[in-house]
Asks: 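Starting off with a structure, shown below.
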Amino acid sequence: MKIVFYGAGNMAHAIFTGIVNSKVVPAENIYLTNRSNEDMLKAYGEDLGVQYSYDDAALLKDADYIFLGSKPHDFDLLADRIKPHVQPNNRFISIMAGLPISYIKEKIDTTNPIARIMPNTNAHVGHSVTGVSFSSNFDGKAKDEILEIINAFGTALEVQEDHLHQVTAITGSGPAFLYHVFEKYVIAGTKLGLEKSQVEESIRELIIGTSKMIERSDLSMEQLRKNITSKGGTTQAGLNALSEYDIEGIFEDCLNAAVNRSIELSTQDDE
């Protein structure tokens, strides 16, 4: 299997690093390219053993999967660049936010299969939850191969394309929302009089430990919370204070705002 990455930015880097580390595809079968930063490509080659090239005809020849990782506003230029070299066996995987499959197909002027994926930055540690949608002409074998690739850097969530807006909000932007909550927790903890460094280290370990509890337990998060909440104890007192605020409503507003912005961006790109 030959995989090509157009664009080697932060998210693409997380993806191809995950693929290399998982050994799903040999490093020498992964090819990178970008607009002009050859030093970056050389560094990735030395670090991971991947290949790089600026020869589009050579890159697309015999390529099974081509990741499209340019900035969305740069995609039209990329499409013009690769259009003359597209081969019948090429299948495209877009990691560009907001660009529908129909738009990508039109700009590349191809009937080749196209998938859209929405990973998040947890791909860096092999724990991205990645939404994926396929064009109707993807066969089962190719789907399975893409899902195997995605599982190399996390887990796949197959959805209809119009549901990628929701996936973008919940999991794509999700790490930033949780980081924000953790930030505020650190600030509040510091106000109790402890050193900031102590609070930050304690909460970092708290988050890691809580995540491992969720990962290793078959219990729901609700039940895990109940298991450490003694009637009349300190945890119950803190939860009682939290219940004075509409936390669920706050997160509903947060996610709806992200969904609406994703839809707006998609509409803008269709115009």
Side-chain angles (χ1 to χ4, degrees), residues 1-7 11-12 15-16 18-19 24-25 30-31 56 59-120 123 128-172 258-271:
M1 186 189 302
K2 177 182 177 181
I3 300 178
V4 176
F5 282 81
Y6 274 88
M11 186 56 69
I15 293 171
F16 61 70
I19 295 172
V24 169
V25 177
I30 297 173
Y31 293 76
D56 295 311
L59 283 168
L60 293 176
K61 183 181 179 182
D62 299 326
D64 298 287
Y65 298 104
I66 297 99
F67 280 81
L68 302 172
S70 68
K71 300 291 185 186
H73 61 265
D74 291 331
F75 173 65
D76 287 6
L77 292 174
L78 173 59
D80 289 341
R81 171 181 164 183
I82 66 176
K83 189 188 308 183
H85 308 291
V86 172
Q87 303 295 307
N89 60 299
N90 297 156
R91 300 177 186 89
F92 295 94
I93 305 171
S94 170
I95 57 175
M96 302 177 294
L99 298 187
I101 289 173
S102 58
Y103 183 89
I104 297 167
K105 186 173 292 189
E106 176 188 346
K107 291 299 178 182
I108 301 178
D109 190 21
T110 184
T111 57
N112 289 19
I114 298 173
R116 283 181 64 193
I117 68 172
M118 179 50 61
N120 63 36
S128 173
V129 178
T130 301
V132 55
S133 298
F134 297 95
S135 61
S136 58
N137 57 341
F138 252 100
D139 62 46
K141 180 177 183 293
K143 274 190 177 183
D144 289 343
E145 286 181 341
I146 288 181
L147 294 174
E148 184 180 14
I149 291 168
I150 291 173
N151 287 334
F153 54 90
T155 56
L157 176 64
E158 185 177 350
V159 296
Q160 295 297 315
E161 187 178 12
D162 59 358
H163 285 162
L164 281 177
H165 300 298
Q166 287 84 350
V167 174
T168 298
I170 296 169
T171 64
V259 168
N260 291 337
R261 182 55 180 158
S262 178
I263 293 170
E264 287 172 5
L265 290 171
S266 178
T267 304
Q268 288 171 11
D269 288 317
D270 275 341
E271 292 175 354

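Excluded from the calculations below are hydrogen atoms, water molecules and symmetry mates; all remaining heavy atoms, backbone and side chain alike, are included. Here the structure is a predicted model, which is why all the values come from computation and not from measurement.
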Asks: Kindly give the heavy-atom pair with the smallest separation between Ala12 and Gly7, and that separation in Å.
Replies: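 Closest heavy-atom pair between Ala12 and Gly7: CB-O, 3.4 Å.
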Asks: Are Ile15 and Met11 close enough that some pair of their side-chain heavy atoms sits under 4.5 Å apart?
Replies: yes
Asks: How long is the gap from CG on Asn151 to OG1 on Thr130, to the nearest 0.5 Å?
Replies: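 These two atoms lie 8.5 Å from each other.
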Asks: Once you round to the nearest 0.5 Å, how far does NZ of Lys143 lie from CZ of Arg91?
Replies: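 So the NZ of Lys143 and the CZ of Arg91 are separated by 12.5 Å.
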Asks: Is a donor on one side and an acceptor on the other found under 3.5 Å between the side chain of Thr155 and the backbone of Val129?
Replies: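 No, because the side chain of Thr155 does not come within donor-acceptor range (under 3.5 Å) of the backbone of Val129.
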Asks: Quick one: does any side-chain atom of Thr168 pair with a main-chain N or O of Leu164 as donor and acceptor, under 3.5 Å?
Replies: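 Flag set: sc Thr168 to bb Leu164 pair under 3.5 Å.
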Asks: State the CZ-CD1 distance between Phe134 and Ile114, to the nearest 0.5 angstrom.
Replies: 13.0 Å
Asks: If you draw a 6.0 Å radius around NZ in Lys61, do more than 12 non-hydrogen atoms from other residues or ligands fall strictly inside?
Replies: no
Asks: Rounded to the nearest 0.5 Å, how far does CE of Met1 lie from CD1 of Ile149?
Replies: 5.0 Å
Asks: Measuring from Leu157:CG to Met118:CE, what's the distance to the nearest 0.5 Å?
Replies: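 Separation between the atoms: 12.5 Å.
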Asks: Quick one: CG on Asp76 to CD on Glu106, what's the gap to the nearest 0.5 Å?
Replies: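 Reported to 0.5 Å precision, the distance equals 9.0 Å.
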Asks: Mind running side chain to side chain contact (heavy atoms under 4.5 Å, CB included) on Ile104 and Met96 for me, showing each step along the way?
Replies: CA-CA 10 Å; Ile104 297 167; Met96 302 177 294; 4.2 Å; yes
Asks: Any chance you could lay out the side chain to side chain contact (heavy atoms under 4.5 Å, CB included) test for Ile108 and Phe75, step after step, and finish with the verdict?
Replies: CA-CA 10 Å; Ile108 301 178; Phe75 173 65; 3.9 Å; yes
Asks: If we ignore hydrogens and angles and just use 3.5 Å, is the side chain of Asn137 paired with the main-chain N or O of Thr111 as donor and acceptor?
Replies: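 Checking the backbone N and O of Thr111 against the side chain of Asn137, a donor-acceptor pair under 3.5 Å is found.
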Asks: Would you give me the side-chain donor-acceptor pairs under 3.5 Å for residues 63-70, sequence neighbours excluded?
Replies:
residue : atom : partner : partner atom : Å
Asp64   : OD2  : Lys2    : N            : 2.8
Tyr65   : OH   : Ala142  : O            : 3.4
Tyr65   : OH   : Glu145  : OE1          : 2.4

Asks: For residues Tyr6 and Leu60, determine if any side-chain heavy atom of one lies less than 4.5 Å from a side-chain heavy atom of the other.
Replies: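 Yes. Closest side-chain heavy atoms under 4.5 Å.
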Asks: How close do Leu147 and Ala156 get, counting heavy atoms only, and between which atoms?
Replies: CD2-CB, 3.7 Å
Asks: For Ala115 and Phe138, which heavy atoms make the closest approach, and how far apart are they?
Replies: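 Scanning both residues completely, I find the closest heavy atoms to be N-CE1, 3.6 Å.
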Asks: Any side-chain to backbone donor/acceptor pair from Arg116 onto Gly131? Under 3.5 Å, distance only.
Replies: no
Asks: Answer yes or no: is there a side-chain heavy-atom contact under 4.5 Å between Ile150 and Glu158?
Replies: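 The answer is no, as the side chains (C-beta and beyond) never meet within the 4.5 Å cut-off.
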Asks: Of all heavy-atom pairs between Pro100 and Gly98, which one has the smallest distance, and what is that distance?
Replies: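 Taking every non-hydrogen atom into account, CD-O, 3.3 Å.
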Asks: What's the shortest heavy-atom distance between His165 and Ser262, and which atoms?
Replies: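 So the minimum-distance heavy-atom pair works out to ND1-OG, 2.7 Å.
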Asks: Looking only at non-hydrogen atoms, find the nearest pair between Pro72 and Ala97 and report the distance.
Replies: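 Minimum heavy-atom contact is CG-O, 3.4 Å.
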Asks: Measuring only between side-chain heavy atoms, which start at C-beta, is Ile3 closer than 4.5 Å to Phe16?
Replies: no
